[in-house]
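Whatever order the structure lists them in is the order used to number ligands and atoms, beginning at 1.
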Amino acid sequence: MKTSFATTTEALFCAPSDPPTDHPPGIKVVALPTAEEVAEQAAQALLHGAFDLPGRPLGLATGRTMAPVYGAFAALVRELPTVERMHLCQHWQSFNLDEYVGLGPASPGSFAAEMEHHLRKPLVLPSHQVHLPDGLAADPGAEALRYRDALRQAGGVGLQLLGLGLNGHVGFNEPPCGPDSQARCVDLCPSTRQANASAFGGLLAKVPTQAITLGLSDILRAQRILLVVTGAAKAPILQRLLHTRPTHSLPASWLHLHPATVLLADSAALGS
Ligand code: GLP
């Protein structure tokens, strides 16, 4: 289905980097003044990705950065003509990056609950079209592989939405991590658990110690990647990311090797 917002998103992925990055093909930087504008632009890209890459699910992320993106996305969907909105919902397929071990959709801090709140309910999407790893699986390692295989069978990700962890993780690929890393069960860094404690009432003890995540090898298979970074707290790690060669100590740095990665960032995150 051809839509009018396609041109905007083509422009996003074809835009020159601002500023240019050091290592080809590099991550293209698209700088916007505010987090609201970043969310709006990311939502447009998501909408385009949902329509434009048939047979390829969306790759989705969670976290505070993504909440306004999904808010803007739901608003855009509400404005669509009924026939386009129905088409979108009927053909929707998305796969999230990760989930905490031991948590299911009924647990408030789970990513499944987050997606339910921000996406599935507002868009009235059937649960079998919004995929996440099963955090309650008896064997989390086996669940990671089952989930990865289900994603591949669904066609592989078209547009992958990514947030950036304060320690440079993407998904839950904690440092050190290489580009060949597979879907798996991981131990979370203490700093990551601390950063995510707000989703658990600020109680560190309630933050799970493990998670199921797609690996960097899975993420790098996506046709297009949209990395979304906002807020001054991310400025130090973002500076490192933009000025480093790919290295195991900064998992997101492997995105420099991907042929179609765009970073959407606000002035606060870019320190400009
Ligand atoms: C989390 C998630 C990531 C997310 C990142 C940034 O721990 N595993 O998928 O993108 O860290 O989160 P936030 O946007 O809350 O800073």
Restricting to heavy atoms, the pick from D98, V69, L227 nearest atom 8 (N) of ligand 1 would be D98

Could you please spell out the steps behind the side chain to side chain contact (heavy atoms under 4.5 Å, CB included) verdict for I225 and V262? CA-CA 6 Å; I225 296 176; V262 166; over 6 Å; no

Quick one: which ligand 1 atoms are inside 4.0 Å of a heavy atom on G63? 14 (O), 15 (O)

One pair to check against side chain to side chain contact (heavy atoms under 4.5 Å, CB included): L241 and L250. What are the steps and the verdict? CA-CA 7 Å; L241 171 61; L250 206 173; 4.2 Å; yes

Might you confirm whether atom NE2 of H117 has over 12 heavy atoms from other residues, nucleotides or ligands at distances under 6.0 Å? no

Give me the ring orientation class for H87 and F51: parallel if the planes are under 30° apart, tilted from 30 to 60°, perpendicular past 60°. parallel

Quick check: are there more than 12 heavy atoms from other residues, nucleotides or ligands sitting under 6.0 Å from CZ of R221? no

Under 4.0 Å to a heavy atom of L164 - the qualifying atoms of ligand 1, by number: 6 (C)

Identity and distance of the protein heavy atom lying nearest atom 4 (C) of ligand 1: T62 O, 3.5 Å

For H169, state whether at least one heavy atom is located under 4.0 Å from any atom of ligand 1. yes

For T65, the ligand 1 atoms with a heavy-atom partner under 4.0 Å come out as 13 (P), 14 (O), 16 (O)

Just do the side chain to side chain contact (heavy atoms under 4.5 Å, CB included) check on W254 and T261 with the steps written out, would you? CA-CA 11 Å; W254 299 106; T261 293; over 6 Å; no

For N196, the atoms of ligand 1 under 4.0 Å from one of its heavy atoms are 1 (C), 7 (O)

Check the orientation of F73 and W92. Use parallel for under 30°, tilted for 30 to 60°, and perpendicular for over 60°. tilted

Numbered atoms and elements of ligand 1 in range of G171, under 4.0 angstrom, heavy atoms: 2 (C), 3 (C), 8 (N), 9 (O)

May I ask you to list the atoms of ligand 1 that are less than 4.0 angstrom from any heavy atom of G163? 10 (O)

Intermediate values then yes/no, side chain to side chain contact (heavy atoms under 4.5 Å, CB included), H248 and C177: CA-CA 5 Å; H248 286 69; C177 189; 5.9 Å; no

Taking only heavy atoms of K234 into account, list the atoms of ligand 1 that are under 4.0 Å away from them. 13 (P), 14 (O), 16 (O)

Students should be able to answer this: which protein heavy-atom is nearest to atom 15 (O) of ligand 1, and at what distance? R64 N, 2.8 Å

